[in-house]
Amino acid sequence: MLSFKKIRLAESCLPLSTIGEFGIIKRLRTRHAGKSPEILKGIGDDAAALKIKSQITLITTDMLLEEIHFDLSFTTFYQLGYKILAVSISDILAMGGKPRYFLLGMGLPATCLASDIDELYSGIMNLAKKFKVSVIGGDTCASGKGLVLSGTLLGEAKGIITRSGARPGDAIFVTDSLGDSAMGLELLKKLKIKKPGPRLFGTNLKALSPDIRTLIKKHLMPEPKALEKTSGITSMIDVSDGLLMDLSHICDESNAGALIYIDKIPISKELALAAKKMGADPLKFALKGGEDYILLFTAPSDIKINAVRIGEIIKKGRCLVDARGRKTPFKAEGYEHFKTKSYSVHRTA
Ligand code: ADP
Ligand code: MG
């Protein structure tokens with residue numbers, strides 16, 4: 001029989017493509033999670049939460065890497081600036097908090113111009129104004145290969161909503177339609193929408209038809225939206241890696257199962273039309289497509305809230321339920337670094 005030590009040794013030799021992003025996070029969480037009475041939440045949620053002198057501070061950090069998260073032939077610096085802040089705002093909202101202070105680390109390749117940074121910050125400041133976020137610092141370095149952005153956002157909260165509070169009997173809600181961003185990316189690649197130019201490219205949204213613009217804009221410039229009220233919510237996450245993956249995080253952390261009613265999943269008319277034209281199933285985008293940056297939460301089923309009810313939390317098992325009540329088990333499939341092919345290849349496959 002293999003000893004525990006040998007199993008651990010064998011595991012540490014596994015390639016990242018086998019362990020995956022979430023396997024690595026699990027290892028770090030088991031081995032290195034900080035412990036202090038001030039840490040309300042450490043590794044394992046959308047943001048860390050610290051309670052210092054009765055004040056709760058939320059902290060989240062997210063990276064956007066060229067060739068992994070974006071392709072400069074599809075996105076402008078303005079759109080990138082907007083997105084690097086949007087993804088972090090989404091995490092603070094998912095903890096039930098209010099975004100406040102932002103820091104940006106930049107690794108810049110030699111091809112960048114000062115005007116590119118102006119454009120990037122113009123995108124950041126536009127969204128920062130909407131959420132009353134202040135930029136308070138960052139770091140600036142040369143990058144040997146590709147553009148690297150690393151955003152850190154601090155937020156404040158009166159209480160926190162974690163991924164671990166879902167209970168059997170709770171209903172599952174989402175705040176907006178799913179799959180639009182993944183379809184937006186698919187369209188960018190299929191239509192090869194590029195602004196011709198000698199150096200960097202980017203998508204000129206104004207030149208697109210309204211339906212296509214809506215989908216592509218949702219991918220390039222996601223619009224995080226806060227819930228009007230959070231009282232009664234038992235668990236929450238933002239949908240960044242796809243509905244099945246992110247709901248699985250809630251199930252894992254809450255030690256519970258889930259049923260998703262397929263015909264209740266909100267699919268926008270734009271996604272439905274684009275999928276029809278492509279001969280694709282819009283549901284594939286809605287279930288496994290990432291980067292919607294909408295909120296997925298659970299709450300007692302009698303809650304009055306402005307969101308779409310798509311399922312319920314059960315004790316055990318994870319199934320999709322069709323209109324006739326037939327159940328199909330689902331797995332935590334969606335986007336996972338090292339396991340899913342990167343942006344420049346195909347993110348939603
Ligand atoms: P999200 O998609 O909401 O940004 P992630 O899936 O990136 O969340 O991260 C999940 C959890 O793992 C978070 O608590 C995050 O802080 C933690 N985490 C991710 N990478 C690391 C790391 N390199 N070291 C420590 N914790 C990490
Ligand atoms: Mg998140």
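Atoms within each ligand, like the ligands themselves, are counted from 1 in listed order. Since this is a predicted model, take the numbers as computed values, not measurements.
Taking 4.5 Å as the limit, some side-chain heavy atom of Ile117 sits within range of a side-chain heavy atom of Met106. When side chains are defined from C-beta on, Lys339 does not count as touching Phe22, because their heavy atoms never get closer than 4.5 Å. Side-chain contact check for Ile303 versus Lys229: some heavy-atom pair is nearer than 4.5 Å. Looking at Leu108 and Thr140, their side chains come closer than 4.5 Å, going by heavy atoms from C-beta outward. Counting heavy atoms from C-beta outward, Ile260 and Ile265 have side chains that approach closer than 4.5 Å. A heavy-atom distance below 4.5 Å is found between the side chains of Leu147 and Phe70. Between Asp46 and Asp238 the shortest side-chain heavy-atom distance falls below 4.5 Å.
Restricting Asp238 to its N, O or S atoms, the one at the least distance from the Mg ion (ligand 2) is OD1. Closest to the Mg ion (ligand 2) among the N, O or S atoms of Asp46 is OD1.
Checked for salt-bridge contact, Glu270 and Lys218 miss the test: no charged N lies under 4.0 Å from a carboxylate O.
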Tabulating one pair per line, provide the atom names and distances (0.1 Å) for every N/O atom of ligand 1 that is less than 3.5 Å from a protein N/O atom.
unit_1: ligand 1; atom_1: 2 (O); unit_2: Ser240; atom_2: OG; d: 3.4
unit_1: ligand 1; atom_1: 3 (O); unit_2: Asp46; atom_2: OD1; d: 2.9
unit_1: ligand 1; atom_1: 3 (O); unit_2: Asp91; atom_2: OD1; d: 2.9
unit_1: ligand 1; atom_1: 3 (O); unit_2: Arg163; atom_2: NH2; d: 3.2
unit_1: ligand 1; atom_1: 4 (O); unit_2: Asp62; atom_2: OD1; d: 3.2
unit_1: ligand 1; atom_1: 4 (O); unit_2: Asp91; atom_2: OD2; d: 3.1
unit_1: ligand 1; atom_1: 14 (O); unit_2: Gly44; atom_2: N; d: 2.7
unit_1: ligand 1; atom_1: 14 (O); unit_2: Asp45; atom_2: N; d: 3.2
unit_1: ligand 1; atom_1: 14 (O); unit_2: Asp45; atom_2: O; d: 3.1

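Residue Asp45 does not count as close to the Mg ion (ligand 2), with no N, O or S atom under 2.8 Å. Note on Asp91: counted as a metal contact of the Mg ion (ligand 2), an N/O/S atom lying under 2.8 Å.
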